[in-house]
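Here is how names work: the chains are called A, B, and so on, in the same order as the sequence lines, proteins then strands, and each is numbered from 1.
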2 protein chains.
Amino acid sequence: MAREPAALAATDGRVPGRRGRATRQRLLDATADLLEGTPWRSIKVIDIARRAGTSPATFYQYFENVEQAILVLAEELTEGAGELAALVEGNWSPEAAWDTAQAVVQQFMDYWEANRAVFRVVELATEEGDLRFRGLRVRALNAVTEALAEVVSGTPSARSVTSSRTRIRHESPAGTDPMAVAATLVSMLAHVAAHRYGFEFWGIRTHSLVESQARLLLWAVTGTTPPS
Amino acid sequence: MAREPAALAATDGRVPGRRGRATRQRLLDATADLLEGTPWRSIKVIDIARRAGTSPATFYQYFENVEQAILVLAEELTEGAGELAALVEGNWSPEAAWDTAQAVVQQFMDYWEANRAVFRVVELATEEGDLRFRGLRVRALNAVTEALAEVVSGTPSARSVTSSRTRIRHESPAGTDPMAVAATLVSMLAHVAAHRYGFEFWGIRTHSLVESQARLLLWAVTGTTPPS
DNA sequence: CCCGGATCTGACGACCCGTCAGCTCGAAGC
DNA sequence: GCTTCGAGCTGACGGGTCGTCAGATCCGGG
């Protein structure tokens, strides 16, 4: 599955050379810039072209439409997700669990923050029923969700020591279907991260949000409350 | 604050008569219909006008743009929220808490479901930074969030009996700032409700989602797990 | 039956879309 | 340094929506 070449191919099927790739990249950069400060549905091809110092017709040589250009930008999201999943699969032993929970929440919010503009579009497009964005969203969050499901389904103390390959269904504090629990938790993380500034404006400090999310996460995984 | 008349006023400031109001309503109905099956940003004034059997110019006599028409539709959301808040403030005594938690989650999802199309727009527009929609969203969810915050901040057993006016800060299981905890929980509810079909497609049953959310909610409020 | 205000609409300039055919550019070969 | 040729770029166009008038139409009261 050679996705990279396919993604790079111009709309007429030819593979661009050096100059073409540079132009394509300028168009992508311009798109990313505009994304920071504009509702994406009102980003016009002509705006992107102007900012990239080229013409609309050139844009159409590399992308079908604005949406597809953003999709290319969003592909990068899937990279950071793996890192996050690794963190989730970290140490949930009684001594370390609280730190792990906090770190997961913090890193999730950082991850979201670093890609805020793009994430926003992914959310919007997914909710509007766009299947390509939905697929991308699944790919980006699925790694985290599945890691979380696995952690949730294992007995906390046992999991941190033994291999989790033994898929014995333990009763987790938060429910019986680990994927449902994980999906619920990821929903919480995603939505809070997305609305973080709204909450802040509303007088709720980000620090408090991290804490309450971490507590819920900790409890869902280990059934315990933080020390002290 | 006479908001209703202001909302009804035509764009030129005059208050419409009987015929005018009927036309306005036809335009609103047409908008609601289109909303069900179309990404809202691609709903054209001309579509609404055609479906309402009138002309675009007439549309502009009653609404500034499509957005504002949808905003009027969304005003109705705030009605259902009060009901939900009342349910949240219900009985959290040890015997009833689990039932209450489940009922809250279920009703939240029903509420969302009943207004899915409109809620979707509210979410999208809010995330795009539209202040009018954000305000409306706050109004719709704030009642629930504050009710939840109050329930969370009170000692569960005491709260169900005494007045919660005594605002003593109890340590709640899920965190120290009740509003942060409530906001986190409402985020969870909203996001899961919004992505319900996505999860279902992904093999996660709605029933399981209700359960895991209810468990988290129960724990955040009472610090307990459901009976049996 | 007529009148006046409420309501509606045809028509218009402005703008963006997406697509050609044809032009420009740059580097490889001599 | 010059020519050549194909990759890459763009001007210009038909098609469509937007938002706004001025004027036509409707309707109830006199």
Side-chain angles (χ1 to χ4, degrees), chain A residues 5-31 33-35 37-72 125 128 130 132, chain B residues 5-31 33-35 37-72 125 128 130 132:
Chain A
L8 274 172
T11 49
D12 58 2
R14 288 179 302 138
V15 177
R18 191 175 306 132
R19 185 156 69 120
R21 262 174 292 152
T23 302
R24 192 186 114 109
Q25 191 56 49
R26 255 188 300 132
L27 287 166
L28 281 176
D29 292 345
T31 306
D33 282 356
L34 287 170
L35 216 49
T38 324
W40 82 287
R41 284 292 185 191
S42 56
I43 294 179
K44 311 294 181 191
V45 170
I46 203 172
D47 296 332
I48 299 175
R50 261 200 283 263
R51 179 175 281 252
T54 182
S55 79
T58 300
F59 178 91
Y60 288 106
Q61 191 150 24
Y62 295 100
F63 308 102
E64 284 174 24
N65 45 44
V66 177
E67 198 174 312
Q68 203 228 318
I70 298 177
L71 201 58
V72 171
E128 278 183 351
D130 187 300
R132 292 174 302 175
Chain B
L8 274 173
T11 50
D12 58 2
R14 288 179 302 135
V15 176
R18 192 175 305 130
R19 186 156 68 120
R21 263 174 290 151
T23 303
R24 192 186 116 107
Q25 191 55 50
R26 256 186 300 131
L27 287 166
L28 280 177
D29 291 346
T31 306
D33 283 357
L34 287 171
L35 215 51
T38 323
W40 82 286
R41 285 290 185 192
S42 55
I43 293 180
K44 311 293 181 193
V45 169
I46 204 173
D47 297 332
I48 299 175
R50 261 201 282 263
R51 179 175 281 251
T54 182
S55 80
T58 300
F59 178 91
Y60 287 106
Q61 190 146 25
Y62 295 102
F63 308 102
E64 283 173 25
N65 45 43
V66 176
E67 199 175 312
Q68 202 228 321
I70 297 177
L71 200 59
V72 173
E128 278 183 353
D130 186 300
R132 292 174 302 174

Could you check if a side-chain atom of [X] sits within less than 4.5 angstrom of a side-chain atom of [Y], using non-hydrogen atoms only?
X     : Y     : result
B/W40 : B/L35 : yes
A/R26 : A/T58 : no
B/L28 : B/F63 : yes
B/I70 : B/T31 : yes

Please determine if a side-chain N or O atom of [X] lies less than 4.0 Å away from the OP1 or OP2 oxygen of [N].
X     : N      : result
B/S55 : C/dG10 : no
A/Y62 : D/dC9  : yes
B/T58 : C/dT9  : yes
A/Y60 : C/dT19 : no

Using heavy atoms to find the nearest nucleotide of DNA chain C for B/T23 and A/I43 separately, return the residue whose nucleotide is more 5′.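 The 5'-side residue here is B/T23.
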For A/A57 and for A/I46, locate the closest nucleotide of DNA chain C by heavy-atom distance; then report the residue assigned to the nucleotide nearer the 5' terminus.
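Going by which nucleotide is closer to the 5' end, it is A/I46.
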Nucleotide [N], atom [atom2] - distance to [atom1] of [X] in whole Å:
X     : N      : atom1 : atom2 : answer
A/I48 : D/dT10 : CD1   : C1'   : 17 Å
A/R24 : D/dA7  : CZ    : P     : 18 Å
A/F63 : C/dG18 : CZ    : C1'   : 16 Å
A/F59 : C/dC17 : CZ    : P     : 9 Å
A/D47 : C/dC17 : CG    : C1'   : 13 Å
B/E67 : D/dC18 : CD    : C1'   : 15 Å
A/K44 : D/dC18 : NZ    : C1'   : 10 Å
B/R41 : C/dC16 : CZ    : C1'   : 16 Å

I'd like to know if B/R132 pairs up with B/E67 as an ion pair, taking the criterion as any Lys NZ or Arg NE/NH1/NH2 lying under 4.0 Å from an Asp or Glu carboxylate oxygen.
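Salt bridge between B/R132 and B/E67, a charged N being under 4.0 Å from a carboxylate O: yes.
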Looking only at side-chain atoms of B/Q61, point me to the closest of D/dT10, C/dC17, C/dT9.
->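 Looking only at side-chain atoms, B/Q61 lies closest to C/dT9.
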